[in-house]
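These notes are about the structure you will find just below.
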Amino acid sequence: MIPLDPQKYRPDFPILSRKVNGKPMIYLDNAASAQAPKCVVETIEHIYYNAKANVHRGVHCLSQEATANMEASRERVRRFINAESTDEVIFTRGTTEAINLVASSYGELLEAGDEVILTVMEHHSNIVPWQLLQQRRGIVIKVVPCDERGVLDIEEYKRLFTPRTRVVLVCHVSNVLGTINPVTEMAAIAHEHGAVVCIDGAQAVSHLKVDVQEIGADFYAFSSHKMYGPTGIGILYGRRELLEKMPPYQGGGEMIGHVSFSGTTWAELPFKFEAGTPDYVDAAALIKAIDYMEDTGIGRIAAHEEALLHYTTERLLQIPDLRIYGTAPGKAAVISFLLGNAHHYDTGILLDQLGIEVRTGHHCAQPLMERFGIEGTVRASFALYNTFDEADAFVEGVKRVNAMLNV
Ligand SMILES: *Cc1c(COP(=O)(O)O)cnc(C)c1O
């Protein structure tokens, strides 16, 4: 495998040459949203200037082109995650909507006293929809703990199952700790107990090769904007057999077979779950984002990010009083840390003054913050275009900030 040279790719991302507070920008907030390459932006521009038309209902040329783009995107996503059929690929607004779809629709099949298991490191978007369901239907929520490194306790996970366990919810990669969870093993255990597994893949798809069939995922959710694609679109993969049993999520156009006041029928999969005009422009641009990642090579991207992760971690740990949260073996390229008694917010503000864009706060994972007895962290996360020079500048920046805040 030829190592990835980020300098070769940076010209594809014009935003990377901008300045922030008079300093060259160093963008290390990729886990929140990754930048989009020119081919993605140009596709959006091209469609708006030349081909914008609604899908599915039109006989005219533009509408047929739009429909073809939308379905080509569905096929591209299918191939990307190795789903068996495009019927199992549902477009949503993002990971959040995808999980809400599962909680609302699959949730209709659950009864009071049925149990779901989720992990302490879930993003709020994989917790709150299940709490809403708890209020509506009286389900029971159980939580898998993790150790100090951020590794899930699989023995405890096994002990949480009862004959009432219906759904397991787990993130493939933690957005705070970088932990890569053993989702294949966890899915197998869930299946032994007759439960289904819904995996939050928001942080995984741009860093790992994901094969939903190999994992044994029943549901798998992710967002385009975190994988170098446009914002506003995401995907829910669902196993056909489950999707067929589930009631529609929202009602409206596109999702119906026939509407009558004496009774309405639903469209076939996947359209049953896609009420209203879909995001057909971003769907077309998403094809380019997937092509870009796969042409670059997901394995090469991962190896580059891992090299940056080790290089940066080693240097950061030389800073007195710096604590890293998330030290699981083989973790993804996310570094959450705190400096002495400094507030994460102050650290983030000062780094921004140096042109370094990191995320601060609870990262939509307050139960995980509670687990570690903190309110938030500073988080740096890498993407394919980050360089070792940027890693050096980041470490120097953290040293300066530490000297200012912890004297
Ligand atoms: C970003 C993120 C989400 C939410 O994604 P949206 O695009 O905001 O819907 C969910 N889970 C994880 C792990 C994330 O990182």
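In each ligand, atom 1 is the first atom listed, and ligand 1 is the first ligand listed. Residue numbers count from 1 along this sequence.
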Is atom [atom1] of [X] surrounded by more than 12 heavy atoms (other residues, nucleotides or ligands) closer than 6.0 Å?
{"X": "Q131", "atom1": "CD", "result": "yes"}
{"X": "R400", "atom1": "CZ", "result": "no"}
{"X": "E294", "atom1": "CD", "result": "yes"}
{"X": "D295", "atom1": "CG", "result": "yes"}
{"X": "R137", "atom1": "CZ", "result": "yes"}

Just need the protein heavy atom nearest to [atom], so name the residue and atom and give the distance.
{"atom": "atom 13 (C) of ligand 1", "result": "D200 OD2, 3.4 Å"}
{"atom": "atom 2 (C) of ligand 1", "result": "K226 NZ, 2.4 Å"}
{"atom": "atom 4 (C) of ligand 1", "result": "T96 OG1, 3.6 Å"}

Side chain or backbone of [X] under 4.0 Å from ligand 1, or both, or neither, by non-hydrogen atoms?
{"X": "R93", "result": "neither"}
{"X": "S223", "result": "side chain"}
{"X": "E97", "result": "neither"}

key: Quiz item: cation-pi between R315 and Y311, 6.0 Å / 45°   =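 Yes - R315 lies over the ring of Y311, closer than 6.0 Å to its centre and within 45° of its axis.
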Run the numbers for me: atoms of ligand 1, each under 4.0 Å from some heavy atom of [X], listed by number.
{"X": "S125", "answer": "3 (C), 4 (C), 10 (C), 11 (N)"}
{"X": "T95", "answer": "4 (C), 5 (O), 9 (O), 10 (C)"}
{"X": "Q203", "answer": "13 (C), 14 (C), 15 (O)"}

key: Salt-bridge criterion met for E244 and R239 (N-O under 4.0 Å)   =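 Result for this pair is no, no salt bridge flagged.
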Min heavy-atom dist H124 to ligand 1 below 4.0 Å =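 No heavy atom of H124 comes that close to ligand 1.
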